[in-house]
Every structure is written in C-alpha cells, then in structure tokens.
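Computation of the quantities below employed the complete heavy-atom set of this structure, encompassing side-chain atoms and omitting hydrogens, waters and symmetry-equivalent molecules.
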Amino acid sequence: MFATEVDFTLPKGYLDADGVLHTDGVMRLATAADEILPLKDPRVQANPAYLTIIVLARVVTRLGSLPDVNTKVVEGLFASDLDYLQGLYERLNAAEEPDGRLGDDAGGQLAGAPDGRLAGGGRVYALGEA
C-alpha cells in the first residue's frame, strides 16, 4: 500500500483572525477532478493564477485546528507558505516511484524538485504570476 496523505509543517504558518498561528497540516494526493474541475471556475477563467488557490484548497485536508481549509485560508497564506505548499504538491503528485510509493531522499523528505507544473500538466502559478 502507498501513502495517500503527507503531514507537513509550514515555514511561517497561517495566522487566523483570532491571532492563532496554524503550522501543521495534511495534504492528500490529488485526483483528476482536483486538477480539472477548477478550470471551469470563473475565478480561474478570469485569472489563471487562481488555479493554484483552488487546487490547494481541495488537497490540503487539515491545517492546525482550523475547521475547514478553503480558498480564503489559502489566499491568506504568507507567500513563502504558498510556495512551500506548491512544491509539496508537486513532489507528492509527480514524484512517484515505480512501486507506487512516494520517493524519499536520505533525509526522509519527499524527493523531487517542483517545476511549477501540476501533475496533470496544468500550470501552478506563484502569486503575482500569470
């Protein structure tokens, strides 16, 4: 059996409206729907960079003690945390080993370097990029 979720710790963390910092979370493997359905969203059609926000809101299943991870939460991330999650998404969804398990480097981290592409070929945009 292979891993379908990975725990992570954000470099800075998400600061909620009550001043609580949320740093630990879980990201699951993306499905085809996670990459295809957001393309129909009017926010993505108006601004292709918004694809990243929607996809990450779909695959990040837990962040600290937040009851829900949605697009408003992802929009509120610091740029370095968004960059971190984009890289994690890439490694989790594009760096599978032939035996179906995620590749690890010597330090136990997911192997592979992000190149800004979604596993299905779509573009993951950084903030301010379009």
For this session: Taking all heavy atoms of Val73 and all of Asp68, pick out the closest pair and write down the distance.
Result: CG2-O, 3.9 Å
For this session: Would you indicate whether the side-chain heavy atoms of Glu5 and Leu29 approach each other to under 4.5 Å?
Result: no
Exercise. Do the side chains of Val60 and Phe8 get nearer than 4.5 Å, heavy atoms only?
Worked result: yes
Problem set entry | Minimum-distance pair of heavy atoms, taken over all atoms of Thr71 and Ala57 | N-CB, 3.7 Å
Exercise. Does some side-chain heavy atom of Leu37 sit less than 4.5 Å from a side-chain heavy atom of Arg58?
Worked result: yes
Exercise. Considering only heavy atoms from C-beta outward, does the side chain of Arg28 approach that of Leu92 to under 4.5 Å?
Worked result: no
Problem set entry | Phe78 and Tyr14, any side-chain heavy atoms less than 4.5 Å apart | no
Exercise. Do Leu63 and Leu10 have side-chain heavy atoms sitting under 4.5 Å apart?
Worked result: yes
For this session: Side-chain contact test, heavy atoms from C-beta onward, threshold under 4.5 Å: evaluate it for Ile54 versus Val74 and give yes or no.
Result: no
Problem set entry | Distance-minimising heavy-atom pair for Asp16 and His22 | OD2-NE2, 2.8 Å
Problem set entry | Ser80 and Asp83 side chains, donor-acceptor separation under 3.5 Å | no
Exercise. Can you list the residues that meet the side-chain hydrogen bond (donor to acceptor under 3.5 Å, both in side chains) rule with Ser65, with sequence neighbours excluded?
Worked result: none
Problem set entry | Validation row: Lys12, Thr23 side chains within 4.5 angstrom (heavy atoms) | no
Exercise. Quick one: does Asp7's side chain have a donor or acceptor within less than 3.5 Å of a partner on Val26's backbone?
Worked result: no
